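Notes follow once the structure below has been shown.
Keep in mind that this is a model prediction, so the values were computed, not measured. Letters go in sequence order (proteins before strands), and every chain restarts at 1.
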Amino acid sequence: MITEVTGQYNAQDLESRIRQLWEEAQTYRKVREMRVGGKKFFFVDGPPYTTGRIHLGTAWNKVIKDSVLRYKSMNCFEVKDRAGWDMHGLPIEVKVEESFGFRNKKDIETYGVDKFIQRCKEFALRQKDDMTAQFKILGAWLDWDDPYMTLKNEYLEAAWWTLKKANEHNLLERGLRVVNWCPRCQTAIADSEVEYWDETDYSIYVKFPVEGEENTYIVIWTTTPWTIPANVAVAVNPTFEYSKVRAWKDGGVDVLIMASDLVEPVLKIGRYKDYELLGTLSAEEMQKLTYTHPLLDLVPGQKGIKHGVHAADFVTAENTGCVHIAPGHGLEDYELGMKKHLEIFCPVGGDGRYTEAAGEKYVGLYVKEADTDVIRDLEEHDRLLAQGRLTHRYGHCWRCKTPIIFIATSQWFLRISDLRDKMLDEVSKITWYPEWAGSARFSDWINNARDWCISRQRYWGIPLPIWTCQKCGHLEVIGTAAELEEKCGCKLSDLHRPDVDAVTWECSCGGKMVRSPDVFDVWFDSAVASWATLHFPSQEKEFQEWWPADFITEGHDQTRGWFYSQLGASMVSFGRAPYKSVLMHGFTLDDQGRKMSKSIGNIVQPEEVVQKFGADILRAYVLGANAPWEDLHFSWEALENTARMLNIFWNAYRFALPYMILDRFDAEKADLSRYEKSLRAEDRWILSRVNSLAEDVTKSMEEYQLHRIIRSISDFILEDLSRWYIQLVRPRTWIEQDDPDKLAAYATIYEVLVKLSRIMAPFTPFLSEAIYQNLVVGLNPNAPPSVHMCEWPKADASRIDKRLEASMSLVREISEASSNARQKSGRKLRWPVSDIVIAPAKDAVDLDNLEFVLKGQTNSKKITVLSPGEKPQMDLEMAPVHKKIGPVHKGEARFVVEALKTANAALVKKQLDESGKAGLSYEGKNYDITAEMVQFKEKPPENLSAAEFSKGFVYVNVTLTPELESEGYSREIIRRIQDMRKELDLRVEDQIRAVVDIESKPILDLALRQKDHIASEVRAAEFELGLGLELKGKLVKDWEIEGVCVRISVDRK
RNA sequence: GGGCCCGUAGCUUAGCCAGGUUGAGCGCACGGCUGAUAACCGUGAGGUCACGCGUUCAAAUCGCGUCGGGCCCA
């Protein structure tokens, strides 16, 4: 049985009710089970990091995922949908460190690595549970009971296995490299973990003394004075010309060498008064120079290093055109160093402090704080040409925000750069939404791909499964726990540090195999998700059946993140991309397009939105606000619009229920096929529209044009269903007997609502379910018990009638135009008009049996459609053309103009048409005019009010007749009695007693003509209409109709 | 310096891939409707579709360039 719903759409109540229903009925599990054996759809959830709180962006992300998966499931796909969690890495270490007040690695070691790891694990698991609850509130149907977690042994093995593969493919390498280094976390960090923002640093110009030339210097510039002790070379651009100048300043004279184009600005900065050019040097000649380190006496490590000049393309025409090279502290420096066989000198330790190699003056100093010491020493050595401050973008550790430094360290690398071309090839095979996400953005990123530093000198992560022999250097990469057991004969219950650190065995050379103490870069964890989630490598079956993934979707930040890391890991192990299609979505920003951040205080929590509006409204909003790949500017106002739209849908649903219940609507009556002959044109129209909607949504969904889906649905609900069909169908629901016309309307509404609930199910799953439960399960206990078990409603082509749809939209336009015309002449819609004339300009207007609809909606007695170009009889207006009248009639011109005002325009036109001239008279005098002296304009006659529509004009005849007036007054009275019924809170079927007293006799007479009609419309069993009547009953009210006082009393019978 | 995206009414946006009258919502003003009604409808004001050049019969849409914003890289 269908139950009546009362009150407004209350999303919170509805959603908690549905959530409970799903839980009790195990709906999610049953939905997934029923699709087993269907075509496979392998989705991999990009694992959110277990921060404990979801934010709007993660909410949007999961809503997209859920909508796609629900859609696929309704399309009978067997969906693989394990949720995933990214649980290792520095962010959690930092959180745990904070909770204990730890400041560095030593504190952790003192506390105990095993306990620290345990805390990290507990922390991650707790956060995961919190976040799961938040995602569930959104209605995200993923497999929350069995998610993949990067901290599980099985998952660790997937990473191990992958590294082993990389090694087999000769893509694993240990080497000295300059890496981004966080001196606080004391670990290498990936390029993608570096955050840039403005920082003010020193900007210094330094003089490097040229060997063998008195008082002569090469001038370099740097923003990192602390790297000067590590300087081993100078780079120059091979195409530049350099100058040697003698320059004077207070207290001395120097010979300086720098790029010719930069001499003047540099000397100005150095406050030199004057200079003379001594000669120029080519880059070739520059390279013959050698120089002495400016702080040679302070830095013992510099002894024995030969300092020369080298050519490098990366040198730009900025500053001095001579670049300070410290291969131990810069990426390009390092590469140049490798190429030119320079010393890789790095007198800085992992803690960011100088080592002994930097000399006793600097040892132990934190490099960022040593800048001033270095500058002072350069100054004392007379090697400082100038110093200043400069604000520029500088990299920071994304976790602890410490400015990073570059140092040369020994790390493990995957040789991704070797795979660049193959990767690009794979990228082109993937389907990207939007297309440019792959062809432009991602390809560009891959073009710049460098080798991937996968080692981190930390604790909470997947341990590197690399063991090396302490004696012979033999290297083994272990792929699984079983393999490790075999090697060492021991069994580990947990593969994390520190237990795994203790595992050793004897090398064939007799030496000891010891694990490399590093852990994986956390990006490597999620990189293996697509096979780890299939329990590979511990099981192979699932992997064979499902891999690679059909679909993934993440934000555009993942271009350099998960899209990339997955591709990299997959290339080294499988030589192909691990996913077939990618939807790249945007970021959630605030309403002004700014990032949501704590410092601005503009963060919106999804929880807050759900509390205020409910999950469905949040879902519909984020899906529909804009194209998925664009950034979403969150707006509460827009959210309210979405809420309004769904509320109207709710009202539309609610509208028919009382009538259906009253008429004992049942499964048999709901069967639309019984009414084929009784369907009205408007019924066929809305059925056509809902099927067109299914077609449109299907098409948009195939292209992941999610915003278009919500837009189509919203248009359908507001325009077609609420504003139009329900208005049309209303009077039919008031018919009292079991009339086929009424039943056909019910069946139509029923069909539309049921279909709509299915179309909306992937996007607003709660609301759809609630409506489905009532309408479908309520009538038919054998129906699928959830809307999410239904099949996706394919468009029924036999119901789609594009001609009818086109005609209806014309009818709507004409109807709007006629409202417009009525408004112009002050004729309310409640008052009928005798006729409406439609005058198309060019194309014929095809009303396709909708004349009846048009009559009803325009409240008119007759509709006339003219042929294209034809018009109703028009009044003709004339206007004088002064420019033409003046020269001919001269002094009497103004009389001609006066004459035109009173002349009959039609007659004048006739004369002009026939003879080319017309005679006018003014105060007894006659004037002749020619056609050019007058301009004619057509004007609708007084009784016709006109308005334009897309195909021409609509003319409404507003002439009143007693019949029309009588109807108008009766409708005024009906409406007021209905209003009073409402006030009395009467039920639709209740009968009343009513008395209407009208103080004006003529109007009373008009109303009396419709007395019976009024009585039946308001269900009045007793009805009096007259003058000076006694008002009796519960409710008495005075009204004013068209300036006349009307007193009405209403009471229940 | 390079790559990508974006720039449409006061605000938020659709349309752009596939060229053919810029469409909506919010807000504002006026009017209407009333058996869904703490709703709803109509009308009005408000647009150099960032700017310039080009292709074309035709450009918000395609191409080139400029400016502004964002993200990423260097």
Apply side-chain hydrogen bond (donor to acceptor under 3.5 Å, both in side chains) to A:D13 and list each qualifying residue two or more places apart in sequence or on a separate chain. A:N10

Whole angstroms only, please: what is the NZ-C1' distance between A:K951 and B:U21? 13 Å

Specify the separation, in whole Å, of atom CD of A:E435 and atom P of B:C16. 16 Å

I'd like a list of close polar pairs between nucleotides 34-36 of chain B and the protein, N/O only, cut-off under 3.5 Å.
unit_1, atom_1, unit_2, atom_2, d
B:U34, OP2, A:R830, NE, 2.7
B:U34, OP2, A:R830, NH2, 2.9
B:G35, O2', A:Y659, OH, 2.5
B:G35, O2', A:W734, NE1, 3.1
B:G35, N7, A:Q978, OE1, 3.1
B:G35, N7, A:Q978, NE2, 2.2
B:G35, O6, A:Q978, NE2, 3.3
B:G35, O6, A:E1017, O, 2.6
B:G35, N1, A:V988, O, 3.3
B:G35, N2, A:V988, O, 2.2
B:A36, OP1, A:R730, NE, 2.9
B:A36, OP1, A:R730, NH2, 2.2
B:A36, OP2, A:R730, NE, 3.4
B:A36, O3', A:R654, NH2, 3.2
B:A36, N7, A:R730, NH2, 3.2
B:A36, N6, A:S722, O, 2.5
B:A36, N6, A:S722, OG, 3.1
B:A36, N6, A:Q727, NE2, 3.2
B:A36, N1, A:S722, OG, 2.9
B:A36, N3, A:N651, O, 3.4

With nearest nucleotide decided by heavy atoms, which residue, A:D631 or A:W831, maps closer to the 5′ end of RNA chain B? A:W831

Counting just side-chain N and O atoms, does A:R708 come under 4.0 Å of either OP1 or OP2 of B:C16? yes

Interatomic distance where CG belongs to A:L589 and C1' belongs to B:C71 [whole Å]: 10 Å

What nucleic acid atoms does A:R822 come within less than 4.0 Å of, heavy atoms only: base, sugar-phosphate, or nothing? nothing

Can you tell me how far C1' of B:G31 sits from CZ of A:R827, to the nearest Å? 15 Å

Under 4.0 Å from OP1 or OP2 of B:C72: is there any side-chain N or O of A:H556 that close? no

Base, sugar-phosphate, or nothing: which does A:A627 touch, judged by heavy atoms less than 4.0 Å apart? sugar-phosphate

Main-chain N/O of A:T223 paired to A:D201 side chain as donor or acceptor, under 3.5 Å: no

Which atoms form the tightest heavy-atom contact between A:S712 and A:D696, and what is the distance? OG-CB, 4.4 Å

On a whole-Å scale, what distance lies between the P atoms belonging to B:U37 and B:G25? 23 Å

Roughly how far apart, to the nearest Å, are B:A9 and B:G52 at atom P? 16 Å

Does A:R993 have any side chain to side chain contact (heavy atoms under 4.5 Å, CB included) partners at least two apart in sequence or in another chain, and if so, which? A:E1022, A:D1051

Would the A:W629 and A:H556 ring centres measure less than 6.0 Å apart? no

Taking side-chain hydrogen bond (donor to acceptor under 3.5 Å, both in side chains) as the test, write out the residues that go with A:R981, two or more places apart. none

In whole angstroms, the gap separating C1' of B:U43 from CD of A:E813 amounts to 15 Å

Paired and unpaired positions of RNA chain B as dot-bracket, Watson-Crick or G-U wobble under 3.5 Å, | denoting a partner strand: (((((((..((((......[..)))).(((((.......))))).....(((((..]....)))))))))))).

If we count only N and O atoms by modelled type, under 3.5 Å, do the side chains of A:H324 and A:T227 hold a donor and an acceptor together? yes

Whole-angstrom distance between B:C16 and B:C11, as gauged at atom C1': 22 Å

In whole angstrom, what separates A:E816's CD from B:C40's C1'? 13 Å

Between A:A638 and A:A817, name the one whose nearest nucleotide on RNA chain B is closer to the 5' end. A:A638

Does A:H707 place a side-chain N or O at less than 4.0 Å from the phosphate oxygens OP1/OP2 of B:G15? yes

Please check if any side-chain donor atom of A:W432 sits under 3.5 Å from a side-chain acceptor atom of A:S581, or the reverse. no

Given side chain to side chain contact (heavy atoms under 4.5 Å, CB included), test A:W831 with A:E967 step by step and report yes or no. CA-CA 7 Å; A:W831 290 66; A:E967 246 187 272; over 6 Å; no

Decide whether A:N774 and A:Y653 meet the rule of one side-chain donor and one side-chain acceptor closer than 3.5 Å. yes

Can you name the atoms? Protein N/O to nucleotides 2-10 of chain B N/O, anything below 3.5 Å, with the distance.
unit_1, atom_1, unit_2, atom_2, d
B:G3, O2', A:D444, OD2, 3.3

Pair A:D683-A:Y725, side-chain donor/acceptor within less than 3.5 Å: yes

Between CZ of A:R976 and P of B:C33 the distance, given in whole Å, is 9 Å

Closest non-hydrogen atoms of A:T3 and A:I661, given as atom of the first, atom of the second and distance, are C-CD1, 3.7 Å

Pairwise C1' distance, B:U22 and B:U48 [rounded to whole Å]: 13 Å

Less than 6.0 Å separating the ring centroids of A:F613 and A:Y621? no

When rounded to the nearest Å, what value does the distance between C1' atoms of B:U13 and B:A18 take? 22 Å

To the nearest Å, how far apart are A:M645 CE and B:C40 P? 13 Å

